[in-house]
Number of protein chains: 2
Amino acid sequence: MNNFEVMLREHNLKATKQRIGILSIMHMRGHINIEELYERVKKSYPSISLATLYKNIRLMLENKLLTEVSVNNSKTLYEITKEDHAHMHCEKCNEVMDIDFCFEDMYKNLGNEDGFLLKNTQVTLMGICKNCQ
Amino acid sequence: MNNFEVMLREHNLKATKQRIGILSIMHMRGHINIEELYERVKKSYPSISLATLYKNIRLMLENKLLTEVSVNNSKTLYEITKEDHAHMHCEKCNEVMDIDFCFEDMYKNLGNEDGFLLKNTQVTLMGICKNCQ
DNA sequence: ATCCTTGCAAATGATTTGCAAGAGT
DNA sequence: ACTCTTGCAAATCATTTGCAAGGAT
């Protein structure tokens, strides 16, 4: 029983080969969009269908096992949920990288939030990465 | 010659009725998605087509007259480009509100950016707004 | 007069659905 | 054995394209 099986069970999901495949690709790759995920998962499970991929992504998002990362001007990415962090998004190669970030410090700099019940924060730095410059 | 005509000319775009219509809805509405924009613009210009809307949004994004606002789990929004600010996104009603935010202060709290050429930043607080609680 | 923009219809791309067969517990 | 998941095909929704006619400068 590997890590991903445990993760799935902890989130009340059956541990199917397809799901374990999805999670292991995501774990290796970091942030990934549906299209690339499909190409890669097919290498281990050639019979997997796009519908299965979409259904599972949706399910794992609802269970908070995955987190959606919306970036401007390119496809939605998904990552395995982890500690708070910020993202750098390269507008040329579309790569997304994690950076350490303390949300507590940021909250001190906020303006008027007027009764808003805060659940989560997304911080994305947009620009050009080292390789693309 | 109204404000929107000036804005368009300053960005080297011809001032058509359709474009002025798009901008005035956006100015009133704040953040808006394509579907809602279409419904509203049709009220003043019933003949406008979705294709025209998409073409113009794309064009104005390229000219930085508009800014894309990607939010998790709901349609991409667009707003007229303005000074740096952060967004609050209500996960229930999907409304997006602006809040004051000083990016300079935030940059002090950042981790390793390793040669990244920063162009822009997006900060989104996700949660439940006052009305929806 | 020229070039850009519009609206239409069709093409393409992304995501969801229903259902019968198969897999996980 | 039971229930949930898969894969397929079709349906739906979102976005883009090509082109002829119309509009802005």
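Each chain gets a letter, A, B and so on, in the order the sequences are listed, and its residues count up from 1. Note that the structure is a prediction, hence the values are computed from the model and not measured.
Annotation: B:H87 is not in aromatic contact with B:F101 [ring centroid separation under 6.0 Å not met].
Side chain of B:Q133 to backbone of A:G115: a donor-acceptor contact under 3.5 angstrom is found. Side-chain atoms of A:T81 come within 3.5 Å of backbone atoms of A:L65 as a donor-acceptor pair (strictly under, hydrogens ignored). Within the 3.5 Å criterion, the main-chain N or O of A:M26 finds no donor-acceptor partner in the side chain of A:E79. Not a single donor-acceptor pair under 3.5 Å links the side chain of B:E91 to the backbone N or O of B:C129.
The interatomic distance linking A:R19 (CZ) with D:dT6 (P) rounds to 5 Å, in whole Å. The distance between atom CG of A:L50 and atom C1' of D:dA10, rounded to the nearest whole Å, is 14 Å. Distance A:Y54 OH to C:dG18 C1': 18 Å, rounded to the nearest Å. Distance A:E62 CD to D:dC4 P: 15 Å, rounded to the nearest Å. The distance from atom CD of B:E35 to atom C1' of D:dT12 is 13 Å, rounded to the nearest whole Å. Here the P atom of nucleotide D:dC4 and the CG atom of A:L8 are 16 Å apart, to the nearest Å. Rounded to whole Å, atom C1' of D:dT5 lies 10 Å from atom CG of A:L59. Going from atom CD of A:E39 over to atom P of C:dA14 covers 12 Å, rounded to whole Å.
Applying the 4.0 Å criterion to OP1 and OP2 of D:dT6, one finds that A:N56 has a side-chain N or O inside that range. Listed pair A:Q18 / D:dG7 meets the phosphate criterion, a side-chain N or O lying under 4.0 Å from OP1 or OP2. OP1 or OP2 of C:dG7 lies within a sub-4.0 Å distance of a side-chain N or O belonging to B:S47.
For B:I34, taking side-chain heavy atoms from C-beta onward, the closest of the listed nucleotides D:dG7, D:dT15, C:dT15 is D:dT15.
Toward the 5' end of DNA chain D, the nearer of the two residues B:K55 and A:A51, judged by each one's closest nucleotide, is A:A51.
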Verify side chain to side chain contact (heavy atoms under 4.5 Å, CB included) between B:M60 and B:I22, making sure each step is shown before the conclusion.
CA-CA 11 Å; B:M60 297 190 219; B:I22 290 170; 4.2 Å; yes

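Between the side chain of B:K42 and the base of C:dG7, no donor-acceptor pair under 3.5 Å is found.
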Quick one: which protein N/O atoms are closer than 3.5 Å to N/O atoms of nucleotides 23-25 of chain D? Pair and distance per line, please.
residue: D:dT25; atom: OP1; partner: B:R9; partner atom: NE; Å: 3.3
residue: D:dT25; atom: OP1; partner: B:R9; partner atom: NH2; Å: 2.7

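As judged by a 4.0 angstrom heavy-atom cut-off over every strand, B:T52 is placed among the base-contacting residues.
Using modelled atom types and a 3.5 Å distance limit, the side chains of B:H89 and B:N72 yield no donor-acceptor pair.
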